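Working notes, structure below.
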2 protein chains.
Amino acid sequence: MNEQSCLEFTGLEISPRKIDYLTFILEKGGTVKTTEISSSLQVDPSTTSKTLNELARAGYVNHVPYRGVDLTELGKVYTEFLVKRHRILSLLLTHYGLSPEKACDEVSRFEAFVSRDAVDKICSSMGHPMFGVCGEISHGKCLHEEYLTECRNK
Amino acid sequence: MNEQSCLEFTGLEISPRKIDYLTFILEKGGTVKTTEISSSLQVDPSTTSKTLNELARAGYVNHVPYRGVDLTELGKVYTEFLVKRHRILSLLLTHYGLSPEKACDEVSRFEAFVSRDAVDKICSSMGHPMFGVCGEISHGKCLHEEYLTECRNK
DNA sequence: TGTAAATTTGGGCTTACACCAAAAAATTTT
DNA sequence: AAAATTTTTTGGTGTAAGCCCAAATTTACA
């Protein structure tokens, strides 16, 4: 995976449920076992096993059978975007009178269908906030030109 | 369908594609033929026929076989909400730097998963705007108490 | 009335997601 | 180290939402 990989996704590649898998793996960190994911997401281990294979085939995780998974470089970059998207959108909704909890729930339902492009626009329109309602917002390694320029001019 | 029917939905009842069917039927008005829907949504008539049956079973349309469909009272109220949601969310996104067209496209992808409750909060937080980027925003027959009170006090 | 057009039905395919049972691999226990 | 237990995977199934094609049905019209 090269350095431009962060520019090569729309944010619409992953289904809602796979977002849960990836963010769990990112938050847990390191190598994660099938059972840990299964009990966290409350699904049968066989379901986890199959989903992990799909995520591996798509290049987001390394899966060593019977051993566990960890994020690939693409997986890390991608999942950081997923987290950022979640936090930006949640923060946005709280600006319209939703409680942090409700905002989080609401966003979890639709975030998979919000493009990276839209998130970037919202993010810069909000002034690249550093904190959301459910954690720190990392602007990651994929800062877009506009923000880099802003930073340089500080 | 009684007068309270407008209070008995979450906004999450309908799949993305069915939204297209219902809004087309609302916009076309009156009784709509299978073929009209098919050519507008670019799907096989057999697909339309089956979807119409599902919408009829769910109570949103009256379907007279070989004749066409029209919205039930519930269908009208519900679809007016769908349109309002689309317009409120599109308007919202344009406030974050998205063009009207991009906002519309973006919203079309995720609107099905935004609850009525969230839409109501966003709507009142925006001051119940009357115009969106893709048409007039009707606040319909299901105005919530807060807005009714506001109106009474004007 | 008979043919053409519209519509529906039946069958099949895909994606996403889930479960269970059984096989396989790893781990733990004795 | 071998046996027993636990974890993980595989294979089979099922549901729900879409979609298409081909064939049957109904309507419309010439």
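Quick note on labels: first sequence line is chain A, next is B, and so on, each numbered from 1. Please read these numbers as outputs of a predicted model, since none were measured by experiment.
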Are the aromatic rings of F110(B) and F113(A) close, with centres under 6.0 Å apart?
-> no
Any chance you could lay out the side chain to side chain contact (heavy atoms under 4.5 Å, CB included) test for K84(B) and H139(B), step after step, and finish with the verdict?
-> CA-CA 7 Å; K84(B) 171 182 168 176; H139(B) 298 283; 3.7 Å; yes
When K33(B) and T51(A) are each assigned the nearest nucleotide of DNA chain C, the 5'-most assignment goes to K33(B)
T48(A) and T34(A): side chain donor to acceptor below 3.5 Å = no
Can a donor-acceptor pair under 3.5 Å be found between the side-chain atoms of S46(A) and the base atoms of dC20(C)?
-> yes
Between D44(A) (CG) and dA21(C) (P), how many Å, whole number?
-> 10 Å
Send over the distance from L52(B) CG to dA6(C) P, rounded to a whole Å.
-> 16 Å
Would you indicate what K18(A) reaches in the nucleic acid, counting non-hydrogen atoms under 4.0 angstrom: base, sugar-phosphate, or nothing?
-> sugar-phosphate
Quiz item: K50(A) side-chain donor-acceptor pair to dG12(D) base, under 3.5 Å = yes
Distance in angstrom units between E54(B) CD and dG18(D) P, rounded | 8 Å
How would you label the contact of P65(B) with the nucleic acid (heavy atoms, under 4.0 Å): base, sugar-phosphate, or nothing?
-> sugar-phosphate
Starting at CG of L55(A) and ending at C1' of dC17(C), how long is that distance when rounded to a whole Å?
-> 13 Å
In whole angstrom, what separates Y66(B)'s OH from dA5(C)'s C1'?
-> 12 Å
For residues 52-61 of chain B, which side-chain donor-acceptor pairs fall under 3.5 Å, sequence neighbours excluded?
from	atom 1	to	atom 2	distance (Å)
E54(B)	OE1	K18(B)	NZ	2.9

Residues passing the side chain to side chain contact (heavy atoms under 4.5 Å, CB included) test with S115(A), sequence neighbours excluded, are L12(A), D117(A), A118(A), E106(B), R109(B)
Nucleotide dT10(D), atom C1' - distance to NE2 of H63(A) in whole Å = 12 Å
Whole-Å distance between dT6(D) P and R67(A) CZ?
-> 18 Å
Of T34(B) and Q42(A), the one whose closest nucleotide on DNA chain C sits nearer the 5' end is T34(B)
Give the rounded distance in Å between these two atoms: CZ of R57(B) and C1' of dA16(D).
-> 11 Å
Between dC20(D) and T47(B), is there an OP1 or OP2 to side-chain N/O distance shorter than 4.0 Å?
-> yes
